[in-house]
Structure formats: structure tokens, C-alpha cells
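Protein chains get the first letters and strands the later ones, always in sequence-line order, with residue 1 at the start of each.
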Amino acid sequence: MEKPVRVRYAPSPTGPQHLGGVRTALYNFLFAKKHKGTFIIRIEDTDQTRFVEGAENYMLESLKWCGITHNEGPGIGGDYGPYKQSERKHLYRQYADQLIESGYAYYAFDTPEELEAMRERMKASGIPNPQYGAATRDYMKNSLVLPHDEVKTKLANGEQFVIRMKMPRKEEIKLQDLIRGWVVFQSSQLDDKVLFKSDGMPTYHLANVVDDYLMKITHVIRGEEWLPSAPLHVMLYKYLGWEDVMPHFAHLPLILRPDGNGKLSKRDGDRLGFPVFPLNWTDPETKENSIGFRERGFFPEAFANMIALLGWHPGSVQQELFSMEEMIQLFTIEHIGKSGAKFDFEKAKWFNHEYMKKADSKILAAEFKKVLTEKRITDSDEHIVAICESLKQRCTFISEFWDNSFYFFTEPTVYDDQVVKKKWNEKTKAIMKELSASLAAQTDFSFSALDTFLHSFVKEKNLNTGDVLPVLRIMLSGTKNGPAVYELASLLGKEKSIERMAKAEAEFDKMISV
RNA sequence: GGAGCGUUGGUCAAGGGGUUAAGACACCUCCCUUUCACGGAGGAAUCACGGGUUCGAUUCCCGUACGCUCUACCA
């Protein structure tokens with residue numbers, strides 16, 4: 001009988017959460033939901049020096065925005081709390097002590113200077129990257145080489161110490177990664193990692209393993225950057241006697257920068273002009289602002305969809321648009337890719353546009369109304385909804401709405417002079433007068449009615465569409481881009497259309513006379 | 001330098017011993033619209049390279065190259 005699935009997302013509050021973090025959280029969440037399990041958030045704040053004000057809150061808010069909700073963790077608690085490592089401080093020492101007693105760990109008293117000296121010495125003798133490990137520990141100041149009495153005295157005197165793992169000299173460490181298959185490491189390549197720091201806090205390695213054990217985590221789904229330290233974690237489970245409840249591991253591929261190589265960073269976003277953080281972030285130190293996907297105008301559903309597909313695809317189905325519910329149904333770790341994915345902002349925009357097209361115009365209108373209100377523009381809800389219905393076909397973000405629809409709300413003051421200079425003459429002037437008159441007689445101002453009306457007008461008078469429609473467009477909106485002319489006129493309404501035609505006529509005359 | 005991981009079109013990717021190697025984004029051409037966008041029809045890859053295994057490899061194995069990650073009393 002399989003254990004109930006319990007997974008966790010365990011970020012460090014050292015700065016704003018970025019895309020990769022959100023994706024890791026999302027995959028954990030999807031996996032948990034898929035298996036009707038539990039998704040836990042645990043704050044790994046064992047490094048007091050790197051703590052950043054507001055980072056934890058930011059992370060929580062980002063996930064909430066994306067629709068990623070946790071079952072246990074900050075804000076909601078749970079049976080395995082507390083969920084912040086700084087509040088679990090008292091828990092870790094006993095396990096480090098257990099390791100020392102069973103001979104798998106030891107006290108080390110070396111000062112940073114002594115460590116540096118050792119590294120320099122080793123480098124000088126031709127070893128490019130010296131490690132504190134099987135080859136060097138016999139020459140350092142630790143409980144393995146110091147006499148028992150001296151160790152006791154040092155501890156009694158309150159001398160600073162760390163607790164280090166004693167890596168076996170020659171052992172093969174195997175682990176089965178759910179994404180990569182069997183991965184083998186030689187213990188001789190691994191060093192004696194610090195498990196417990198001199199400040200009384202555990203390092204990531206110890207705290208992580210202890211907490212995963214205590215919280216009954218069944219699957220560890222985390223970034224690929226952890227793969228090299230995974231064997232250490234496996235050893236820890238073994239030495240602590242928890243081998244039979246060791247979780248399964250899945251190391252996620254990285255999200256790469258769009259150009260060149262390497263991990264996506266804030267710099268890339270700044271350089272290429274797109275967000276790399278889910279929400280706006282202001283650095284508490286430098287006061288530097290970074291824009292978030294949310295503020296850039298992304299819909300949370302589109303963002304989650306986009307991020308999920310950066311490294312995962314359910315296969316078989318030929319589909320890219322998935323609701324959270326669909327992703328939960330389809331999610332499997334087996335379908336996570338092995339190689340890093342380059343982030344492509346163009347594709348991200350495409351996702352948003354797709355969600356835009358599917359969005360309810362009433363909801364869009366409610367959002368757009370805020371923009372209009374700021375500009376002191378009032379209009380009927382039905383009219384705004386109708387305009388949004390047209391706008392969502394051509395805009396990726398609501399922030400683009402105004403630039404693509406201002407002429408519905410304000411009279412044009414500038415007219416595209418290229419078109420005017422090219423098309424405006426006595427003949428077209430006469431035609432437009434005539435068109436205005438027949439428009440005034442039109443009773444049905446719907447899209448389809450106007451469409452047929454306009455085309456039959458051109459046909460009956462034996463004119464060229466190109467001499468009429470573009471001119472009418474400029475008369476009505478001032479710009480040459482926008483929806484189809486019949487749509488434009490219909491949305492504007494009969495009265496305004498005719499008014500604007502009259503005004504434009506006078507303006508056009510002025511324009512060509514200069 | 002060492003260890004680990006990775007490598008299907010510019011990008012995301014499906015597929016996995018025998019296929020005309022899906023689809024999407026971007027790009028180009030054309031159609032629609034005498035507008036932009038949407039929409040539609042096309043264009044472009046021999047699956048990093050070299051060896052094996054096999055009747056047959058993009059798919060399995062081994063090398064090489066390249067890339068990435070890690071190599072802290074950071075996570």
C-alpha cells in the first residue's frame with residue numbers, strides 16, 4: 001500500500017522568488033493534487049545573514065496569485081509545524097549529536113583562516129580544489145584527530161565548532177531520480193559537508209533531511225542545482241537510520257536565459273525588457289524596482305499555464321492551453337523533460353493573448369473601466385463591453401486597450417496625414433458627403449448591416465473600395481489601424497459617425513491647403 | 001580542474017528501433033482585410049559528432065565535442 005503523497009516547496013527567503021521557483025512550486029502542487037496528497041510550504045531560513053525582508057511574504061503572495069495553494073505551511077499551520085526552520089531550531093542538534101555518537105559525524109574547530117590556509121597549501125601542492133574530506137581531515141583540528149580530553153575541554157570552554165559529516169572513503173552512492181534514472185556518485189568525490197554551523201543553526205543539508213523526515217515527505221521535487229548534493233542527503237538518511245522512509249527524488253531541469261546560455265536571471269529581464277519575477281518587487285536595500293508578470297498584465301491562469309509548459313508536456317495530446325484542473329489531471333513526473341528550457345517572452349505573450357481571447361468581455365470591461373475612470377471618461381457598460389469584445393482579438397494585455405480604442409471615447413484631433421494627403425480631393429470629398437447622407441438614412445447600424453451597406457454603396461457608385469473605406473476610417477478614428485471599418489462605425493454609432501465625418505471634412509481641407 | 005546532468009528546426013516540444021520526425025511560438029511567402037490584428041494555406045530539421053549493437057538507430061551502448069549545475073560555517 002502506497003503512502004499518501006506529501007510534497008513540499010522549500011524556498012529560502014533570500015530575495016524575490018523567480019520563475020524557476022514558481023515552477024518548482026507548481027509542479028509540487030500539481031503532483032500533490034494529482035495524487036490527492038498534501039502540498040506543504042516550508043521556509044528554509046537557516047542562513048540568518050541572507051535574510052531579506054519581505055521575501056517570504058512575496059513568495060506566498062506570488063503563489064497565491066498563480067492559484068497555487070498549500071495545505072500545510074505558513075499562514076495556515078498543520079500537524080507537522082512549525083513550518084519555518086528558524087522556529088524549529090531546537091530540533092536539529094539532537095540529530096547531529098546522534099550522528100556524532102554513531103561515528104558518522106564529528107566536531108571541527110578549524111577557524112575560517114585555518115581552512116583558508118589548508119586550501120592554499122593544497123592548491124600549492126597541485127590540488128586544484130581542495131576539500132575538507134577523507135584526504136585532509138586527519139590534518140585538521142577536529143574530534144577525529146584531537147585527544148578526547150582536548151575536545152571535551154574545547155566544548156566545555158564554549159569554543160566555536162561546526163559538526164561535519166564523515167564521508168566514507170570509498171563507497172558507491174546510488175540514487176534513483178524519477179526524471180533521470182539511476183545516478184551514481186563515488187563518496188571519494190564528496191567532502192565532509194558542514195551539517196551544523198557554529199552559529200547554532202543547521203545547514204540546508206541537515207535541516208532539509210530532518211524536516212523532510214519529520215514531515216513525512218514522500219517525494220522531493222526540486223531544482224537540478226541540488227543533484228550534486230543529493231548523495232549527501234541519501235547518506236544522511238542512511239546514517240540517521242531512515243533509509244526505509246527516504247523520499248523519492250526528482251530533479252527538475254533549469255529555466256535558461258533566452259539568448260546564450262545559463263540560468264535566467266534578473267539581468268536578462270532588464271536587458272531584454274521582460275519580467276522574471278511573478279510580482280513587482282522592490283529591493284529593500286537598493287530600492288530598485290523590478291516589474292512582475294502580474295503588473296505587466298499577465299493573467300494568472302496564462303502565467304501558470306506558460307510556466308508549467310516550460311519543461312513539462314503531457315505528451316499524446318496536441319494541446320498547449322490547459323486549465324489548472326486539466327494540468328492536475330494530466331501531470332506526471334515522467335513527462336518532465338531532462339534538459340533546460342530557454343524562456344521565450346514572445347511565447348509567453350502568446351499564452352496571454354490566447355487567454356485574452358477566451359476572457360469574458362464583461363470582466364475585461366470592468367478592468368478597462370478603471371483605466372477609463374482615471375482618464376475621466378464615462379460611458380455605458382454595454383458600450384465598453386462591446387468595445388472590449390473587439391479589443392480582445394487584437395490586444396495581448398489590457399494595458400494596450402486604451403491605445404487601441406481611445407478614438408471611441410475621444411474625438412480625433414490628429415488625422416493620419418499620409419492617407420489624407422494621398423486620398424483627399426474634391427472627388428472624394430463629394431463621395432464622402434454622399435456617404436454621410438446615406439449613412440444618416442441607415443436605420444440598422446449593426447456590424448453586418450453596415451458591412452453590406454458599405455460594400456453596396458461602393459459598388460453602386462462604381463467606386464474603388466480603396467478610395468472610400470480608408471478615408472472613412474481616418475475620418476472616424478484619425479488612425480489607419482483598428483477594427484474593420486463597419487465595426488468601427490457601428491461601435492461609434494450613427495450620430496457620432498456623422499458628426500465626425502463633418503468635422504473631418506473641414507480638417508482635411510485645412511490639411512491639404514498647407 | 002573535478003563530479004554530476006544534459007544535447008530533436010532560432011525557441012518550447014511530441015515521438016521513441018522501421019514514421020513523409022507531430023504541434024506551438026518566432027520568421028518568410030501567399031490568401032482574407034485595400035488598415036493593424038485575428039483567421040486560413042504554405043516554407044524551412046535527417047534528430048551534436050564518431051564508433052558500435054542490429055536486417056535496420058534520431059530512438060539502445062560506448063566515446064568525443066559542446067553546454068549547464070555543483071564544487072562555502074548559501075540555499
**Prompt:** Within the structure, does a side-chain N or O atom of A/Thr49 lie under 4.0 Å from either OP1 or OP2 of B/C74?
**Reply:** no
**Complete:** Whole-Å distance, A/Arg8 CZ to B/A75 P, equals 14 Å
**Prompt:** When all nucleic acid strands are considered with a 4.0 Å heavy-atom cut-off, which category describes A/Ile127: base, sugar-phosphate, or nothing?
**Reply:** nothing
**Pairwise 5' ranking along RNA chain B for A/Asn464 and A/Val162, keeping only the more 5' one** = A/Asn464
**Request:** Look at all strands and tell whether A/Val184 reaches a base, only sugar-phosphate, or nothing, counting heavy atoms closer than 4.0 Å.
**Result:** sugar-phosphate
**Request:** Mark yes when over 12 heavy atoms from residues, nucleotides or ligands other than A/Tyr139 sit less than 6.0 Å from its OH; otherwise mark no.
**Result:** no
**Request:** Would you kindly give the OH-to-P distance between A/Tyr486 and B/C32, to the nearest whole Å?
**Result:** 16 Å
**Request:** Take atom CZ of A/Arg119 and atom P of B/G2, then tell me their distance rounded to the nearest Å.
**Result:** 20 Å
**Request:** Name the nucleic acid region contacted by A/Asp110, choosing base, sugar-phosphate or nothing; use a 4.0 angstrom heavy-atom cut-off, strictly under.
**Result:** base
**Message:** One thing to verify: whether A/Arg164 and A/Asp191 come together as a salt bridge, which I'm taking to mean a side-chain N less than 4.0 angstrom from a carboxylate O.
**Reply:** no
List the atom pairs, with distances to 0.1 Å, where a side-chain N or O of residues 468-480 of chain A and a protein N or O form a donor-acceptor pair under 3.5 Å, not counting sequence neighbours.
from     : atom 1 : to       : atom 2 : distance (Å)
A/Arg473 : NH1    : A/Pro483 : O      : 3.0
A/Arg473 : NH2    : A/Pro483 : O      : 2.9
A/Ser477 : OG     : A/Arg473 : O      : 3.1
A/Ser477 : OG     : A/Thr479 : N      : 3.2
A/Ser477 : OG     : A/Thr479 : O      : 3.0
A/Thr479 : OG1    : A/Asn481 : O      : 3.0

**Asked** At under 4.0 Å between heavy atoms, what does A/Glu346 touch on the DNA or RNA strands: base, sugar-phosphate, or nothing?
**Response** sugar-phosphate
**Request:** Assign A/Gly223 to base, sugar-phosphate, or nothing according to its heavy-atom contacts below 4.0 angstrom with the strands shown.
**Result:** nothing
**Test: A/Glu114 and A/Arg119 ion pair at under 4.0 Å** = no
**Asked** Below 3.5 Å, does any donor atom in the side chain of A/Lys193 face an acceptor in the base of B/A72, or the other way round?
**Response** no
**Message:** Is it the case that the base of B/C5 and the side chain of A/Arg180 share a donor-acceptor contact (distance under 3.5 Å, atom types as modelled)?
**Reply:** no
**Request:** Considering just the side-chain nitrogens and oxygens of A/Lys392, establish if one lies under 4.0 Å of OP1 or OP2 belonging to B/C38.
**Result:** no
**Asked** Across the strands shown, which category fits A/Gly315 at heavy-atom distances under 4.0 angstrom: base, sugar-phosphate, nothing?
**Response** sugar-phosphate
**Message:** So, does A/Lys349 get its side chain near the phosphate of B/A24, meaning an N or O under 4.0 Å from OP1 or OP2?
**Reply:** no
**Complete:** Residue pair A/His353/A/Gly311 against RNA chain B: nearer the 5' end by closest nucleotide is A/Gly311
**Item:** Sidechain N-carboxylate O distance under 4.0 Å for A/Arg50, A/Asp47
**Value:** yes
**Request:** In plain terms, say whether A/Lys84 and A/Glu44 are close enough for a salt bridge, that is, a side-chain N and a carboxylate O under 4.0 Å apart.
**Result:** no
**Message:** Considering every strand and a 4.0 Å limit on heavy-atom distances, what is the contact class for A/Pro253: base, sugar-phosphate, or nothing?
**Reply:** nothing
**Prompt:** Is there a donor-acceptor pair under 3.5 Å between the side chain of A/Asn464 and the backbone N or O of A/Gly466?
**Reply:** no
**Fill in**
In whole angstroms, the gap separating P of B/A3 from CD of A/Gln131 amounts to 11 Å
**Request:** Using both pair distances under 3.5 Å as the test, note the stems of at least 3 consecutive Watson-Crick or G-U pairs that include RNA chain B.
**Result:** B:1-7 with B:65-71, B:10-12 with B:23-25, B:27-31 with B:39-43, B:48-52 with B:60-64
**Prompt:** Any side-chain N or O of A/Lys357 less than 4.0 Å from the OP1 or OP2 oxygen of B/G39?
**Reply:** yes
**Item:** Sugar-phosphate, base or nothing in reach of A/Thr465, heavy atoms under 4.0 Å
**Value:** base
**Asked** Under the 3.5 Å rule, do the base of B/C73 and the side chain of A/Ser198 count as making a donor-acceptor pair?
**Response** yes
**Prompt:** So what does A/Ala484 touch, heavy atoms closer than 4.0 Å: a base, only the sugar-phosphate, or nothing?
**Reply:** base
**Prompt:** Do NZ/NE/NH1/NH2 and the carboxylate oxygens of A/Asp192 and A/Lys166 come within less than 4.0 Å?
**Reply:** no
**Message:** Please confirm whether the shortest side-chain N or O distance from A/His335 to OP1 or OP2 of B/G15 is below 4.0 Å.
**Reply:** yes
**Asked** Looking across every strand, which nucleic acid part, if any, lies under 4.0 Å from A/Phe185 by heavy atom: base, sugar-phosphate, or nothing?
**Response** sugar-phosphate
**Item:** A/Asp268/A/Arg257 salt bridge by N-O under 4.0 Å criterion
**Value:** yes
**Request:** Mind calculating the distance between CG (A/Leu115) and P (B/C73) to the nearest angstrom?
**Result:** 6 Å
**Request:** Kindly say whether, by distance alone, the side chain of A/Asn129 makes a donor-acceptor pair under 3.5 Å with the base of B/G1?
**Result:** yes
**Request:** Check every strand shown and say whether A/Arg222 touches a base, only sugar-phosphate, or nothing at a heavy-atom separation below 4.0 Å.
**Result:** nothing
**Asked** When all nucleic acid strands are considered with a 4.0 Å heavy-atom cut-off, which category describes A/Lys480: base, sugar-phosphate, or nothing?
**Response** base
